[in-house]
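One structure is given here, and the rest of the page talks about it.
Chain A is the first sequence line, chain B the second, and so forth, proteins listed ahead of strands; every chain is numbered from 1.
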Amino acid sequence: MIFSSLLFLYAFLPLFLALYYLAPATWRNSVALAASLAFYAWGEPVFVLWLILSSLIDYALSLRVAQLPPTAVRRRRSLVALSLTINLGALVYCKYAGFFSDQLYRLLGGGSLQDATVLIKIAGISFFTFHKVSYMMDVYRGATRPSKSAGEFLLYVCLFPQLVAGPIIRYRDVAAQIAGREHSLDRFLAGVWRFLLGLGRKVLIADPLGLVADKIFSLDVGSLPMPYAWIGILCYTFQIYFDFAGYSDMAIGLGRMMGFEFLENFNRPYISRNITEFWRRWHISLTNFMRDYLYIPLGGNRVSPWRAKLNLWLVFLASGFWHGASWNFIVWGAYHGSLLSLEKGIGPQRLNRVPALIGVILTFFLVLIGWVFFRATDLTHALAFFGQMADTASWANPGSRIDLPWSELMGRRTLCALVVAAVTGFLPDAFWQRWGWDDALPATVRGAIARVALGTAILLLATAALANQSYSPFIYFRF
Amino acid sequence: MHRPFKIALAAAFVAILWLVGVQVVWPFIFTGSLKGVVDAPPPIRWDRQSLQKGETFRAIDKWYDIHVGLRNFWVRLDNQATFSLFYEVPPHVANSPVVVSEHEWLFEPQYIRNSIRPRDISDARMRAYAKQIRAIQDKLARYGVPFYLIVAPNKAEVYPEHVPPAYFTRHQPAEVTTNYERARTFFKEAGVHFYDGPGRFAEWKNTGDRYLFARSGTHWSYDAAFRVLQEVREQLNPLLKHPIPELKTGGSPMKSPQANDRDLLDLLNLLYTGVHEHKLPTPHVLAQTEVPEALLPRILWVHDSFAWNLIELLYSANAMQPSESLYYFGVVPDYEKKVVHIPGATKTDLLVANIDWKTNLKSYDAIIMIWTDIAFDHYGWGFFETIDRELK
């Protein structure tokens with residue numbers, strides 16, 4: 001189940017909210033856990049058992065790790081290693097077994113094995129594995145105490161707002177909230193607003209832009225005129241941001257409706273002045289995870305400058321691979337790792353001397369180039385796509401090169417979505433703060449009315465768009 | 001902000017969620033119906049395998065999408081908002097059947113595409129096809145049943161000036177020879193009885209006729225269809241045992257588009273269409289009473305959707321006996337495999353594939369086949385092969 005589905009919006013959510021708020025305060029975690037398991041089982045009816053079982057094993061291991069004295073280093077490490085092996089082993093098997101076996105098969109000269117490999121795909125495994133890894137590492141390091149009960153730990157791992165697509169929440173950030181949290185009208189309304197904002201970003205902006213990107217990336221790349229290639233990657237650049245950030249907004253909003261306060265996952269990344277800043281604003285929870293559980297253990301900044309740069313590069317290589325099991329994700333990670341290492345070499349003082357506007361434009365351009373690797377089906381496709389982006393000969397009269405009229409590719413509504421995405425994507429922080437964009441309701445009556453009107457319009461239009469997606473009629477109707 | 005206002009807001013949000021959800025099981029707010037034909041959703045299976053694979057849940061998802069409360073309102077709201085603000089069909093309507101052009105000229109995209117990129121069919125294939133039709137025509141004639149082919153015109157070819165220009169950046173319809181335009185020569189060579197709809201419409205258009213198609217329809221207008229019928233009648237009557245009586249009208253007043261003349265507008269599924277309805281002449285057909293029913297022709301129709309308003313006009317004129325229609329000859333798509341009773345267009349229990357041709361054939365005065373150029377490569381949907389096989 002996904003948040004931007006009619007079933008979630010108009011069946012799961014109202015039922016859940018009713019049960020959650022009608023239940024006594026002491027039962028609300030149980031209601032949330034049952035709903036979360038039902039939510040996950042809806043998409044993965046079998047693997048919900050794996051989720052529960054592996055979580056219970058982790059919980060038992062964490063208790064044992066916490067019980068052992070700090071001096072029992074080897075035993076504690078072996079328990080953590082067991083947990084990591086189980087979790088990362090499942091992740092590697094489900095997500096990467098096909099990729100590795102395929103590469104091995106190719107190395108041995110056997111062609112491709114992609115179709116022959118039996119894969120198990122478990123929704124959300126990348127996210128809940130990282131939840132469990134962060135928990136176990138924090139317990140091992142003493143950064144947090146083990147959860148008080150298996151139920152609370154299960155709730156941390158399975159809490160449906162963040163289960164399938166993040167944000168990646170560390171246990172220590174929500175442990176107190178799981179034990180007891182405040183349910184207030186203001187927080188609930190702030191959650192509703194944030195949820196609707198995310199729904200609008202996903203359904204009304206990201207989805208139409210995604211249709212354009214999908215069309216362009218599915219075309220024969222050789223016939224792609226230069227403007228089509230650029231508009232395709234531009235649409236994808238905003239699609240991936242509004243889609244992912246919209247989903248995070250919905251997760252944060254749903255969390256608030258339940259009394260939780262999750263950390264932000266996106267902070268207007270496209271206004272970044274350099275790549276380093278971009279990664280402080282993009283998928284913040286993943287960046288934090290990589291920093292805390294990979295970069296710092298590798299030595300962080302305490303090693304020699306060249307080693308720190310290499311570590312950074314390796315961390316982003318791993319980050320790229322985490323996003324998907326194919327070479328283009330690895331190259332995407334390496335690309336960002338290289339840019340970050342380069343910026344580290346240049347140093348923050350010199351970087352800050354670059355005028356803000358130039359920095360933002362250059363960073364956006366570099367990020368956009370990176371998205372070609374991310375979106376393309378494979379490396380060959382990505383390289384060919386770059387070729388078309390640079391094919392200046394095809395700039396003039398692109399419609400004569402391809403059987404896809406511009407009006408069929410990009411309607412006025414989609415163009416409007418792109419403009420809204422670009423404008424809101426580039427508005428500075430100060431604007432949003434002045435607007436009080438994340439407050440439950442603005443202080444002024446006019447502001448409150450505008451907020452309610454905007455929220456209502458988003459709910460109505462998003463629902464209408466979702467309902468219409470499922471209605472694709474033919475003309476012939478006589479009976 | 002006052003607490004009661006906040007409570008009201010939270011309650012309103014939850015109430016909207018519940019209202020839409022409750023409508024699924026108890027639809028107390030009626031929101032009308034949607035126009036158009038849709039594919040049936042996948043069935044919900046409760047067997048162990050489907051449950052384990054999650055297919056059951058995915059099917060429920062789809063079922064819910066279709067049955068969500070106020071769905072018809074949501075769909076129309078989305079269409080209306082997009083149409084009013086952006087003058088187009090929402091981008092997420094998969095395989096949208098409607099292209100919106102200036103001044104509310106509506107087209108089906110496949111007709112536009114066919115006008116500039118007809119499917120590649122060799123001359124040899126066309127010649128063989130024309131000979132095949134002639135052979136069937138002769139075979140049916142031996143059973144005393146004349147065969148007559150009506151080729152219908154393509155709106156995008158008749159009125160290319162109203163098609164969005166973006167479609168014609170590579171080719172103009174005038175530069176393209178359609179499959180039918182090529183086949184016309186072969187049909188004449190082979191001696192096929194046929195009505196040259198595209199040719200006649202081109203001639204009528206040259207006289208300045210603006211109403212051969214309604215802006216809001218994909219088929220020939222009732223006005224044009226009536227003229228087609230009169231010409232078909234003249235050509236066909238000499239071959240019929242029971243001729244088609246004279247077709248009369250009480251004039252063609254300017255009216256808002258009805259039925260076929262607004263099929264594309266209806267397909268837009270807007271909340272309000274009044275301002276998009278452009279009046280056009282609509283024949284007021286008079287029902288004849290001179291010829292008794294037993295002496296009226298009984299015609300079997302094998303056809304695409306262009307036949308419907310011809311059939312409707314003929315029955316309005318009381319010019320035909322009740323008969324049968326074989327819509328797409330029962331082959332495309334799944335929902336039309338049965339023989340259809342006309343007038344009324346009600347499905348019978350008989351499958352087209354189960355027709356006993358030798359027994360039934362002689363009850364018809366003629367067989368009329370209708371298709372557009374776009375359906376050229378369907379080759380009569382298998383009708384000719386069936387007749388050839390069944391009448392050996």
At a heavy-atom separation under 4.5 Å, does [X] approach chain A through its side chain, its backbone, both, or neither?
X        : answer
B:Arg117 : side chain
B:Ala10  : both
B:Leu85  : neither
B:Phe13  : side chain
B:Phe168 : neither
B:Ile16  : both

Quick check on the interface: out of [options], who has the most heavy-atom pairs with chain A under 4.5 Å?
options                             : value
B:Asp61, B:Val89, B:Val68           : B:Asp61
B:Phe57, B:Tyr87, B:Trp18, B:Tyr167 : B:Phe57
B:Thr82, B:Val14, B:Asp304, B:Val99 : B:Thr82

Check the angle between the aromatic planes of B:Tyr328 and B:Trp381 and answer parallel, tilted or perpendicular using the 30° and 60° thresholds.
-> perpendicular

Between A:Phe238 and A:Phe242, how do the two ring planes meet: parallel, tilted or perpendicular, split at 30° and 60°?
-> tilted

Would you mind checking which part of [X] comes under 4.5 Å of any heavy atom in chain B, side chain (CB onward), backbone (N, CA, C, O), both or neither?
X        : answer
A:Leu415 : neither
A:Leu459 : side chain
A:Met410 : neither
A:Ala417 : neither

Please assess A:Ile231 against A:Leu409 for the test side chain to side chain contact (heavy atoms under 4.5 Å, CB included), listing each intermediate value before the final yes or no.
-> CA-CA 10 Å; A:Ile231 205 73; A:Leu409 174 71; 4.2 Å; yes

Donor-acceptor contact present, side-chain B:Asn269 to main-chain B:Leu34, <3.5 Å | no

Pick from A:Phe12, A:Trp42, A:Tyr40: which one makes a ring pair (Phe, Tyr, Trp, His ring centres under 6.0 Å) with A:Phe160?
-> A:Phe12

Report the residue from B:Val176, B:Asn154, B:Ile374 that forms a side chain to side chain contact (heavy atoms under 4.5 Å, CB included) with B:Pro118.
-> B:Val176

Please check if atom CG in A:Asp220 has more than 12 non-hydrogen atoms from other residues, nucleotides or ligands closer than 6.0 Å.
-> yes

Using only heavy-atom distances, determine whether the side chains of A:Tyr10 and A:Thr463 contain a donor-acceptor pair under 3.5 Å.
-> yes

